[in-house]
Amino acid sequence: MNSISIIGAGRLGKTLARLAQGSGRYRVLDVMTRRLESARAACEFIGAGRPVCDWAQLAPADLYLLAVPDAAIADCAQALAAAGVVPPGAVVFHASGVSESGMLQPLAARGAHLGSLHPAFSFADPERAAEYFVDVLCALEGDAPACAALRTLAQAVGGRPFQLATGGKPAYHAALSVASNYLVTLTAMAQELARQGGVPVELLTPLLSGLMRQTLENALALGPQAALTGPIVRGDASTVALHLQAMDDAGLRAAYQALGRQTAALAGERLSEPARRQVLNALEPAEDSGR
Ligand SMILES: NC(=O)c1ccc[n+]([C@@H]2O[C@H](COP(=O)([O-])OP(=O)(O)OC[C@H]3O[C@@H](n4cnc5c(N)ncnc54)[C@H](OP(=O)(O)O)[C@@H]3O)[C@@H](O)[C@H]2O)c1
């Protein structure tokens, strides 16, 4: 049975530790935070582990998860390396979505294998997270022995691991941000425009929700290009111009223009060359003059 120690036992750390312990394939060894009370509470939640607050107290383990906030990972890696407690051949990994295992580099000099494991999942509430962590896609990156160990761990805790290309983390994480955060921003933009057009507040959600759900289903089922409808793919430049004239807010207009250009590119050969030129012309920021 492999042993795993957790440095940083917040929402993600203690959830993964509980799942690892519960799998029967890992033994949670040390649970380290900066305050003993939080380490003790985490051990209680995990149902295993020894609360620790001092790097020098860490026992040798097979795996170390640095589940501290992203901004603290590099310093913790440095401190863990300096403590000289990590045995050669151990796997040290973090769970950041955007950073790679390179930020753990000081531990390579100690003979550790380095990786990262990012579950595409929200750990807002650890109790619920532990319950619903089923078939969750987990992005892996790192050296070959680390990735092999993390693949096994991800499967044991209920995840579905997949490998990222080296250097791919920032683009991978940007994809998740666009899919999640920008979808929320688009919802707000659509609501604002509908409100400006006189749609009663209580009808904003009913008006947009059916259309948004259907469009998302189509984009995921048919692929984005085939799912595209509306004035841009039809080459209706005059409608695009009317939309922009209706927008008083410069930020909203700039976002509409930028997304319009992306939409024209996505339309590909569904848009004839003359129509594409007219649409791109209508989307030009120069159209904003006088506002
Ligand atoms: N939350 C999510 O949904 C989610 C999803 C995917 C990935 N992640 C990644 O998971 C990692 C952890 O995120 P989280 O949301 O679990 O954070 P969190 O809930 O804020 O927990 C951070 C933990 O680290 C401890 N800590 C902070 N600084 C420390 C330090 N210098 N040394 C030792 N322990 C320290 C904190 O305890 P004390 O304050 O008591 O020290 C706490 O236990 C991050 O890399 C994040 O990007 C999170």
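Order of appearance sets the numbers: ligands from 1, and atoms from 1 within every ligand. The chain is numbered in sequence order, starting from 1.
- Separating the CG atom in L207 from the CD atom in E202 is a distance of 11.5 Å, to the nearest 0.5 Å.
- In terms of protein heavy-atom proximity, atom 40 (O) of ligand 1 is closest to S38 OG, 2.6 Å.
- Here the two rings, on F123 and F133, have centers that are under 6.0 Å apart.
- Protein heavy atom at the shortest distance from atom 1 (N) of ligand 1 is F123 CB, 3.9 Å.
- The distance criterion of under 3.5 Å between nitrogen or oxygen atoms is met by G10 with respect to ligand 1.
- Below 3.5 Å of separation, one finds no N or O of S122 facing any N or O of ligand 1.
- In summary, the side chains of S101 and E141 do present a donor paired with an acceptor at a separation below 3.5 Å, with no hydrogens or angles considered.
- In terms of protein heavy atoms, atom 5 (C) of ligand 1 is closest to F121 O, 3.3 Å.
- The A67 neighbourhood of ligand 1 comprises atoms 12 (C), 22 (C), 23 (C), 24 (O), with distances under 4.0 Å to a heavy atom of that residue.
- Around atom 33 (C) of ligand 1, the closest heavy atom drawn from L176, V68, V136 belongs to V68.
- Taking distance alone, with nitrogen or oxygen atoms compared against 3.5 Å, A72 stays at or beyond that limit from ligand 1.
- Screening residues 145-157 for side chain to side chain donor-acceptor pair (under 3.5 Å), with sequence neighbours left out, gives R151-Q163.
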Report task. Step by step, work out the side-chain contact (heavy atoms from CB on, under 4.5 Å) result for M247 and H243. Result -> CA-CA 7 Å; M247 293 180 204; H243 288 175; 4.2 Å; yes
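- At the shortest separation from atom 24 (O) of ligand 1 among protein heavy atoms lies G8 CA, 3.3 Å.
- The local environment of CZ in R270 is crowded, with over 12 non-hydrogen atoms from other residues, nucleotides or ligands closer than 6.0 Å.
- Those atoms of ligand 1 that come under 4.0 Å of a heavy atom in H118, given as number and element, are 6 (C), 7 (C).
- Atom 39 (O) of ligand 1 has its closest protein heavy atom at R34 NH2, 2.8 Å.
- Chaining together hydrophobic side chains whose heavy atoms lie under 4.5 Å apart places F162 alongside L137, L164, Y172, L176.
- Residue E44 qualifies as open at atom CD: its count of foreign heavy atoms under 6.0 Å is 12 or below.
- Among all protein heavy atoms, the one lying closest to atom 17 (O) of ligand 1 is R11 NH2, 4.2 Å.
- Each of the following atoms of ligand 1 lies closer than 4.0 Å to a heavy atom of C76: 30 (C), 31 (N), 32 (N).
- Separation of atoms CD (Q257) and CG (L244) is listed at 5.0 Å; rounding is to 0.5 Å.
- At least one N/O-N/O distance between D70 and ligand 1 falls below 3.5 Å.
- Close approach to P119 involves these atoms of ligand 1, each under 4.0 Å from a residue heavy atom: 6 (C).
- The two residues R276 and A264 make their nearest non-hydrogen contact at NH1-O, 2.8 Å.
- Residue-environment remark: CD (E269) stays at or below the threshold of 12 foreign heavy atoms within 6.0 Å.
- Nearest to atom 9 (C) of ligand 1 among the protein's heavy atoms is A95 O, 3.4 Å.
- When each atom of ligand 1 is checked for a heavy atom of P69 under 4.0 Å away, the hits are 22 (C), 24 (O), 27 (C), 28 (N).
- Contact atoms of ligand 1 toward L12: 6 (C), 7 (C), 8 (N), 10 (O), 16 (O), 48 (C) (distance under 4.0 Å to a heavy atom of the residue).
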